[in-house]
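So the structure is just underneath, and the comments pick up after that.
Note on naming: letters A, B, ... go to the chains in the order of the sequence lines (proteins, then strands), and numbering restarts at 1 for each one. Heavy atoms only: backbone and side chains are in, while hydrogens, waters and symmetry mates are out.
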2 protein chains.
Amino acid sequence: MAHLPSNVISCHFNNKTSCENCRLNQLCLPISLQINEIDKLDAIIKRKRPIGKGDAVFHLGERFSAIYAVRSGSLKTVNVTVDGQEQVTGFYLPGEIFGLDGLGNNIHTNSAVALETSAICEIPFSRLEELTIKIPSLQRHIFQVLGQEIASEQSLITHLSTSTAEERVAALLISISSRNHRRQLSGTDFRLPMSRTDMASYLGVTIETVSRILSHFQKKKLVTIKMKDIIITDMQALRSLAKVS
Amino acid sequence: MAHLPSNVISCHFNNKTSCENCRLNQLCLPISLQINEIDKLDAIIKRKRPIGKGDAVFHLGERFSAIYAVRSGSLKTVNVTVDGQEQVTGFYLPGEIFGLDGLGNNIHTNSAVALETSAICEIPFSRLEELTIKIPSLQRHIFQVLGQEIASEQSLITHLSTSTAEERVAALLISISSRNHRRQLSGTDFRLPMSRTDMASYLGVTIETVSRILSHFQKKKLVTIKMKDIIITDMQALRSLAKVS
DNA sequence: CGGGTCATTGAGTCAGCTCAAGGCTCGTGG
DNA sequence: CCACGAGCCTTGAGCTGACTCAATGACCCG
């Protein structure tokens, strides 16, 4: 095994990493696979050099050719409305799959942008399709990933239609919290990867409203916030505010 | 084969209908298939007895076992929020596929309810999965249907986040119009299948707001409305209001 | 033709927006 | 190691689009 260079960027970057030894393999695509099947999946996955904050994995309008998994860091997907405004449509954390927006008509309808230095796996879609025909459980899992994306978007739709600004902010905090928890990280004490502007755009409110609501949550002793660092001090209350059971 | 009763319901109902001779086969699943492949798809599709207005095809919480295509009529999918409110998450017209909401975790997260007397095709998902392994172009098409669902939900999300009530109503009218047009029907002169209440719920506004906006559109000579019958008299202006190119 | 559902219209209220000013943070360079 | 600047975040004041509450009108089915 080659000796790894010691600077920060490269220590995250290891070409030899495989799905088999990836910490995230119980969250990501391999979850449904046998060892020998994982090897086949592994063979088609390209592990890219880490990308810096603000860099795009793909741009709106580009031809769809692959889906992506987050290995480390975090990303947002961004849409541009007809009148030129940016609109954040999703946040993606390690173990999560993104880039599905191009599947419908072979053109990406969003750009994917790193929120911090991030490592991603690229999975060429045509190769993946071939593989799913050989490995039915993988096909089932891809369908499931797509289905989950649909379900999570529907719940966002419901939220945007029916919730107040306060409920939206609470729900986002709960969502990030539970996704961290799923990765064996703290669900109460973490760093928000996105800016207030991104949160506001995603939630369909203004940045001022997000800020005011976070201050208000702090006043009510639900959370402790210092910029992007957040500690949830009353999960119960926050959950009920978010209308999440 | 039994003689069919002659009442109104049954005259729409014909077991012999096949994908091959269905008027909608250039919109629906068969679009990507050869004749002999269509026969295979046909073999797994169950054509159900027409259902009446208000009847459900599946209920929230039920086990996911099939996806559905609208043959005639129209349906809505409905979600129930934590506090017990109904929320419409989608409208489905002939040739469109619904029921994908259960794919993620094998449980339907919505109910599907007929807006009028409707005929639907049921496609058992496990049979469809088997078939996609034998017919790669069908797999590709299913992925595409899922991708389109994801894309259309994302565009709804963007709309709900950024649009005013007026823009939302305009966008819904344009959407119904273009979906009618796709079916070779008039894109300017049609009947809205859903109630004001359903429109309002789907758009995330109140019923009064929908009503006021429709009246306002009429005053501005964009449309002529008589309850559910609508004539779009200035498509250009309505499109630009909807912020759709 | 009568009752119930669905749709329209009006008046007053409020959540979240806009505009504006000031504070905090962090990276950079002297 | 500190000073500085640019971007990000917070807070305040006033405004407005959409909501709530309420009453009336239109349609449909038995």
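Among A/V210, A/V88, A/I207, the one residue that satisfies the side chain to side chain contact (heavy atoms under 4.5 Å, CB included) test with A/T197 is A/I207.
Within the structure, every side-chain polar atom (N or O) of B/T206 is placed at least 4.0 Å from both OP1 and OP2 of D/dA18. OP1 or OP2 of C/dA15 has not a single side-chain nitrogen or oxygen of A/T164 nearer than 4.0 Å. Phosphate proximity of D/dC19 to B/T209: present, with a side-chain N or O under 4.0 Å from OP1 or OP2.
What separates CG of B/D229 from P of C/dA7 is a distance of 12 Å, to the nearest Å. Atom-to-atom, CD of A/E166 to P of C/dC17 comes out at 13 Å; the value is rounded to the nearest Å. Between B/E116 atom CD and D/dC29 atom C1' there is a gap of 18 Å when expressed in whole angstrom units. Atom pair A/K219:NZ and D/dT11:C1' shows a separation of 9 Å (rounding to whole Å applied). B/L160 places its CG atom 15 Å from the C1' atom of D/dA18, with the value rounded to the nearest Å. Between the NE2 atom of A/H216 and the C1' atom of D/dG12 there is a distance of 16 Å, rounded to whole Å. Atom-to-atom, CD of B/E208 to P of D/dT24 comes out at 16 Å; the value is rounded to the nearest Å. Residue B/M199 contributes atom CE, which lies 14 Å from atom C1' of C/dC6 at whole-angstrom precision.
Among the nucleotides C/dC17, D/dC21, D/dA18, the one closest to any side-chain atom of A/V205 is C/dC17. The side chain of B/S215 lies closest to C/dT9 when the candidates are C/dT9, D/dA13, C/dA7. Side-chain proximity of A/K228 to the nucleotides D/dC9, D/dA18, C/dG10 is greatest for D/dC9. Each of D/dC27, D/dC9, D/dA13 was ranked by its minimum atom distance to the side chain of A/R196; first place goes to D/dC9. With D/dC27, C/dT25, C/dT8 as the candidates, the nucleotide lying closest to the side chain of A/M227 is C/dT25.
A/E167 and A/H159 form no side-chain donor-acceptor contact under 3.5 Å, judged by distance and modelled atom types alone. B/R182 and B/S178 share no side-chain donor-acceptor pair at under 3.5 Å.
DNA chain D is contacted by both A/T197 and B/I207; A/T197 maps to the nucleotide lying nearer its 5′ end (nearest heavy atom per residue). The residue among A/S163 and B/M194 whose nearest nucleotide of DNA chain C lies closer to the 5′ end is B/M194. The residue among A/G204 and A/K226 whose nearest nucleotide of DNA chain C is located toward the 5' end is A/G204.
Remark: aromatic rings of B/Y68 and B/F58 are close, center separation under 6.0 Å.
Taking both residues in full, the closest heavy atoms of A/L160 and B/S161 are given as CD1-OG, 3.4 Å, listed atom of the first, atom of the second, then distance.
Side-chain atoms of A/R212 come within donor-acceptor range of the base of D/dG12, with a qualifying N/O pair under 3.5 Å.
Residue contacts shown for B/S211 include a base, since a base heavy atom lies under 4.0 Å away.
A donor-acceptor contact shorter than 3.5 Å is absent between the side chain of B/N180 and the backbone of B/G187.
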